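Below is one structure, written out as structure tokens; comments come after it.
What you are looking at is a predicted structure, and each value in this text was computed from that prediction instead of being measured. Every chain is numbered from 1 and lettered A, B, ... according to where its sequence line falls, protein lines coming before strand lines.
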2 protein chains.
Amino acid sequence: MYLVSKREKQRYFSIREMSETLDISFHFLTKALQPLTQKGILVSSRGPAGGVSFLKAPEEVTLMEIILILEGEDFFNSCMLGLDGCGLQRPCPVHGVWMDIKSILMKEFSSISLAMIGDKTFTQHLRLMNV
Amino acid sequence: MYLVSKREKQRYFSIREMSETLDISFHFLTKALQPLTQKGILVSSRGPAGGVSFLKAPEEVTLMEIILILEGEDFFNSCMLGLDGCGLQRPCPVHGVWMDIKSILMKEFSSISLAMIGDKTFTQHLRLMNV
DNA sequence: TTTAATTAAGACTTTTTTATCTTAAATAAG
DNA sequence: CTTATTTAAGATAAAAAAGTCTTAATTAAA
């Protein structure tokens, strides 16, 4: 969100600067960003004037994608009771409700792009950190 | 869910028996049930023929109540980015979406009673455990 | 070509959560 | 009244998650 709210697709933003602006530990942020780079959402450059930048156009990156990368690809595949093989064949008592809820969540998160969030953050001066 | 699916409101069901049926550690289950007893959803009895039973009628207990008791009363009050004081006055970029999603979740969970789940589990022979 | 700046990767530490164990208290039955 | 059975509560242990640190690799600029 920080990156896209800058609205400069070309340049690299250093993680150090980002961590200081957002008041997040540098090492923590570095680690958090790595899977995004590995999955091709971001591209990184080492050395002076290095940092991270979007590889994939933020218009094409949904919140859903980010959530799946950061939380794990089967984040929306779990049974509410934690049962193995819970599905239409052998459902748990809340399988139906939970499926409905999950599909609403997935639909919603899939409909929001990072570009939309960036624009909103930029134009409405919204905050990404405390204070 | 186990308790209500038994559809015998009067008698106490022992936690030992329940833990064996559901294949959950006895001590773990005991601990999990304690907040429900403390909050007046269940009533317990020690000694021979003791166990737990519903105090509040399961028709009047919603999934929402159970979730709030087990996960904490402010389970649905968090900011998606973890910001303090995120609200209409000083929202984060995803405040609106997140609010919408949370209200759908709360509405859904509030509309489901344990009695409904128990009936469904009983009549459709649904499972509460693996295998 | 050397140096400073920067991310990557993995080891390590700390914190939090989850799970278990022990002891105490209560209760029904003999 | 004593004993066996059962939950309650708190202490302890184990596992998982979160966070930090160190070293390596890369890159641009002097």
Side-chain angles (χ1 to χ4, degrees), chain A residues 2-3 6 8 10-56 66-75 78-84 129-130, chain B residues 2-3 6 8 10-56 66-75 78-84 129-130:
Chain A
Y2 171 90
L3 258 195
K6 291 296 184 182
E8 287 184 66
Q10 316 305 340
R11 66 170 278 223
Y12 290 118
F13 287 90
S14 90
I15 300 179
R16 173 71 64 186
E17 178 195 311
M18 202 186 306
S19 76
E20 283 165 4
T21 303
L22 299 178
D23 197 29
I24 298 176
S25 131
F26 166 72
H27 289 296
F28 177 75
L29 186 57
T30 298
K31 249 196 167 169
L33 292 173
Q34 281 170 6
L36 297 178
T37 303
Q38 287 161 356
K39 292 294 179 96
I41 306 293
L42 304 179
V43 61
S44 69
S45 170
R46 299 179 181 186
V52 291
S53 183
F54 277 100
L55 176 58
K56 193 166 174 180
I66 304 294
I67 291 172
L68 290 182
I69 291 174
L70 297 182
E71 303 295 333
E73 292 296 326
D74 56 355
F75 189 63
S78 57
C79 165
M80 195 174 178
L81 306 189
L83 303 188
D84 296 334
M129 55 168 303
N130 283 319
Chain B
Y2 172 90
L3 257 194
K6 290 296 182 183
E8 287 184 68
Q10 316 304 342
R11 67 170 278 223
Y12 290 117
F13 287 89
S14 90
I15 301 180
R16 173 72 63 185
E17 179 195 311
M18 202 187 304
S19 76
E20 285 166 2
T21 303
L22 298 178
D23 196 31
I24 298 176
S25 132
F26 166 71
H27 289 295
F28 177 75
L29 186 56
T30 297
K31 253 202 162 164
L33 292 173
Q34 282 169 6
L36 298 177
T37 302
Q38 289 161 354
K39 292 293 181 98
I41 306 293
L42 304 178
V43 60
S44 69
S45 171
R46 299 178 182 189
V52 291
S53 183
F54 276 100
L55 176 58
K56 193 165 174 180
I66 304 295
I67 291 172
L68 290 182
I69 291 173
L70 297 181
E71 303 295 333
E73 294 296 327
D74 57 354
F75 189 63
S78 56
C79 164
M80 195 172 179
L81 305 190
L83 302 189
D84 297 334
M129 54 169 302
N130 283 320

What one should report as the nearest heavy-atom pair of B/Phe75 and B/Leu68 is CB-CD2, 4.3 Å

Side-chain N or O of A/Gln38 versus OP1/OP2 of C/dA8: is the shortest distance under 4.0 Å?
no

Nucleic acid contacts of residues 10-22 of chain A, taken as heavy-atom distances under 4.0 Å to DNA chain D:
none

What about B/Lys31: does its side chain form a donor-acceptor pair under 3.5 Å with the base of C/dT18?
no

Within the 4.5 Å heavy-atom criterion, are B/Val52 and B/Tyr12 side-chain neighbours or not?
no

N/O donor-acceptor pair under 3.5 Å between B/Asp84 side chain and A/Asn130 backbone
no

Could you tell me how far apart A/Leu36 (CG) and C/dT7 (P) are, to the nearest whole angstrom?
14 Å

Set out, line by line, the N/O atom pairs under 3.5 Å between protein and nucleotides 27-30 of chain C.
unit_1: C/dT27; atom_1: O4'; unit_2: B/Arg46; atom_2: O; d: 3.3

Taking all non-hydrogen atoms of both residues, which atom of A/Leu22 and which atom of A/Met129 are closest, and how far apart?
O-CB, 3.8 Å

The test is side chain to side chain contact (heavy atoms under 4.5 Å, CB included); show your working for B/Phe54 and B/Leu42 and say whether it passes.
CA-CA 4 Å; B/Phe54 276 100; B/Leu42 304 178; 3.8 Å; yes

List, one per line, each side-chain donor-acceptor pair under 3.5 Å for residues 24-36 of chain B, sequence neighbours excluded.
unit_1: B/Ser25; atom_1: OG; unit_2: B/His27; atom_2: N; d: 3.4
unit_1: B/Ser25; atom_1: OG; unit_2: B/Phe28; atom_2: N; d: 3.0
unit_1: B/Thr30; atom_1: OG1; unit_2: B/Phe26; atom_2: O; d: 2.8

A/Leu42 CG to C/dT6 P, straight-line distance once rounded to whole Å
18 Å

Around A/Asp74, counting heavy atoms of other residues, nucleotides and ligands shown, do more than 12 lie under 6.0 Å from its CG?
yes

Between P of D/dT12 and NE2 of B/His27, the distance in whole Å
16 Å

B/Phe26 has an atom CZ; how far is it from atom C1' of C/dT22, in whole Å?
13 Å

Taking atom C1' of C/dA8 as reference, at what distance in whole Å does atom CZ of A/Phe28 sit?
17 Å

Can you see which heavy atom on A/Thr37 is nearest to which on A/Ser44, and at what distance?
CG2-OG, 3.9 Å

Length of the CG-P vector between A/Asp23 and D/dG19, whole Å
13 Å

Are OP1 or OP2 of D/dT7 and a side-chain N or O of B/Thr37 less than 4.0 angstrom apart?
no

Would one find a side-chain N or O of B/Gln34 under 4.0 angstrom from OP1 or OP2 of D/dG10?
no

For a side chain to side chain contact (heavy atoms under 4.5 Å, CB included) check, start with the C-alpha distance between B/Phe13 and B/Glu8, then their side-chain angles and the critical distance, and finish with the verdict.
CA-CA 9 Å; B/Phe13 287 89; B/Glu8 287 184 68; 4.0 Å; yes

